[in-house]
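Since the structure comes first, as structure tokens, the remarks are kept for the end.
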Protein chains: 2
Amino acid sequence: MKQIQNTKTHLIEAGIKPSYQRIKIFEYLIENLNHPTVDMIYKDLVPYIPTLSKTTVYNTLKFFVDKGITQIINIENNETRYDADTSTHGHFKCIKCGNIYDFSFNESNLNIKQIENFEIKQTHLYIKGVCEKCKNKNN
Amino acid sequence: MKQIQNTKTHLIEAGIKPSYQRIKIFEYLIENLNHPTVDMIYKDLVPYIPTLSKTTVYNTLKFFVDKGITQIINIENNETRYDADTSTHGHFKCIKCGNIYDFSFNESNLNIKQIENFEIKQTHLYIKGVCEKCKNKNN
DNA sequence: TTCATTTCTGTAATTATTACAATTATAAAA
DNA sequence: TTTTATAATTGTAATAATTACAGAAATGAA
Ligand SMILES: [Mn+2]
Ligand SMILES: [Mn+2]
Ligand SMILES: [Zn+2]
Ligand SMILES: [Zn+2]
């Protein structure tokens, strides 16, 4: 994932006016690449921004997604997660500990025949299973 | 996808007592492989089963998933879809017409390094974009 | 038929998300 | 600096999907 030095500059470059809340929410995303939910972001930030509204978190994330600096990760229904890494990469969700791990994969290796003439915008790959840590624990 | 001749037998083989509702819901799934939502299933079946409850549709689908004869397809958050084809296959969602297309892909080609020692239970791949029909329409 | 168990149903509760109007902040114009 | 317009944030209400739960109905054995 491309390293981001300055949050403010990164927001401006994406056409986003860098308000206090937006900066804090985006910084949270790049510091917590564990694919947090709205609720996690809100609960973790509200002690530092007591006036923060959950609606702002929702609105801001939607805005980030529209502007292309955040992507939505759908693994479990009813829990939308967010990722500041917008590159195409895979996610592994451990069914024991719940952790979500990033991994890279080669999209071109998939060589899919049935949708050859379709226009691809986004590719999402996720795997569910048991991570190495949890596998070793249960032995 | 493996062809299912007799719904009743298929349910029994999966350890599911074939009640009237269960048979109808499963038959709906194999006749409508367009990955319906609970709401679609309910709305389409209730004219034929006037006493049907949406809760039954929810419960039955959960039961089918537990017993391994149905899988959940998560593409859009807030819309859980169901698929009687439990084989590992990909889904393409057209952002224009909303149709979901099945496609096959070679899982073994992925050879992902980062999760080599992880135990894989399920692999989900979905692609978003514009299908061939919609692409041609907009020209 | 009786009884126990399973399945189904309807309603209420819960949770995530969105709509919306009011408030606050920002920044340009006077 | 004050005024004014616009944008961002907030809080509450509304919506929608899902789950909890208790009662009714169906099933199947005793
Ligand atoms: Mn990621
Ligand atoms: Mn499918
Ligand atoms: Zn784990
Ligand atoms: Zn289409």
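Side chains are part of it too, since the values below use all heavy atoms of this structure and drop only hydrogens, waters and symmetry mates. Being a predicted model, the structure only gives us computed values, none of them experimental. The sequence lines fix the lettering, A, B, ..., with proteins before strands; numbering per chain opens at 1.
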For residues 58-80 of chain B, the salt bridge (Lys or Arg N to Asp or Glu O under 4.0 Å) pairs (sequence neighbours left out) are B/E76-B/K93, B/E76-B/K128, B/E79-B/R81, B/E79-B/K93
Joining Ile, Leu, Val, Met, Phe, Trp and Tyr whenever any side-chain heavy atoms lie under 4.5 Å apart, the cluster holding A/I95 also takes in A/V130
Which atom pairs, one a donor and one an acceptor, fall under 3.5 Å between side chains of residues 45-58 of chain A and the rest of the protein, sequence neighbours left out?
residue: A/S53; atom: OG; partner: A/T55; partner atom: N; Å: 3.1
residue: A/K54; atom: NZ; partner: A/D39; partner atom: OD1; Å: 2.5

Results of side chain to side chain donor-acceptor pair (under 3.5 Å) for [X] - residues two or more places apart only:
{"X": "B/K133", "result": "none"}
{"X": "B/D85", "result": "B/S87"}
{"X": "A/N77", "result": "B/T80"}
{"X": "A/T9", "result": "A/N6"}

Distance check needed: [N] [atom2] versus [X] [atom1], whole Å only.
{"X": "B/I25", "N": "C/dC8", "atom1": "CD1", "atom2": "P", "result": "8 Å"}
{"X": "A/K17", "N": "C/dA28", "atom1": "NZ", "atom2": "C1'", "result": "11 Å"}
{"X": "A/E76", "N": "C/dT15", "atom1": "CD", "atom2": "P", "result": "17 Å"}
{"X": "B/E79", "N": "C/dA16", "atom1": "CD", "atom2": "C1'", "result": "15 Å"}
{"X": "A/Y20", "N": "C/dT24", "atom1": "OH", "atom2": "P", "result": "18 Å"}
{"X": "A/I23", "N": "C/dT26", "atom1": "CD1", "atom2": "P", "result": "11 Å"}

Applying salt bridge (charged side-chain N to carboxylate O under 4.0 Å, His left out) to B/K24 and not counting sequence neighbours gives B/E27
Given the options B/T70, B/I69, B/T7, B/L29 meets side chain to side chain contact (heavy atoms under 4.5 Å, CB included) only with B/T70
From the list B/H124, B/H91, B/H35, side chain to side chain contact (heavy atoms under 4.5 Å, CB included) with B/I75 holds only for B/H91
Of B/R22 and B/N77, the one whose closest nucleotide on DNA chain C sits nearer the 5' end is B/R22
- prompt: With a 4.0 Å cut-off on heavy atoms, is A/T80 in touch with a base, just the backbone sugar-phosphate, or nothing at all?
  reply: sugar-phosphate
At a 4.0 Å cut-off to heavy atoms of chain A, the contacted part of DNA chain D spans D/dA7 to D/dT18
Under 3.5 Å between N/O atoms: give me all the protein pairs with nucleotides 9-13 of chain C, atom names plus distance.
residue: C/dT9; atom: OP1; partner: B/Q21; partner atom: NE2; Å: 3.2
residue: C/dT9; atom: OP1; partner: B/T51; partner atom: O; Å: 2.9
residue: C/dT9; atom: OP1; partner: B/T51; partner atom: OG1; Å: 3.0
residue: C/dT9; atom: OP2; partner: B/S53; partner atom: N; Å: 3.4
residue: C/dT9; atom: OP2; partner: B/T56; partner atom: OG1; Å: 2.8
residue: C/dT9; atom: O5'; partner: B/T51; partner atom: O; Å: 3.1
residue: C/dG10; atom: N7; partner: B/S53; partner atom: OG; Å: 3.3
residue: C/dG10; atom: O6; partner: B/T55; partner atom: OG1; Å: 3.4
residue: C/dT11; atom: O4; partner: B/T55; partner atom: OG1; Å: 3.2

Here the residues of residues 60-69 of chain B within 4.0 Å heavy-atom distance, strictly under, of DNA chain D are B/K62
Compile the donor-acceptor pairs under 3.5 Å between side chains in residues 10-20 of chain B and protein atoms, sequence neighbours left out, one pair per line.
residue: B/S19; atom: OG; partner: B/R22; partner atom: N; Å: 3.2

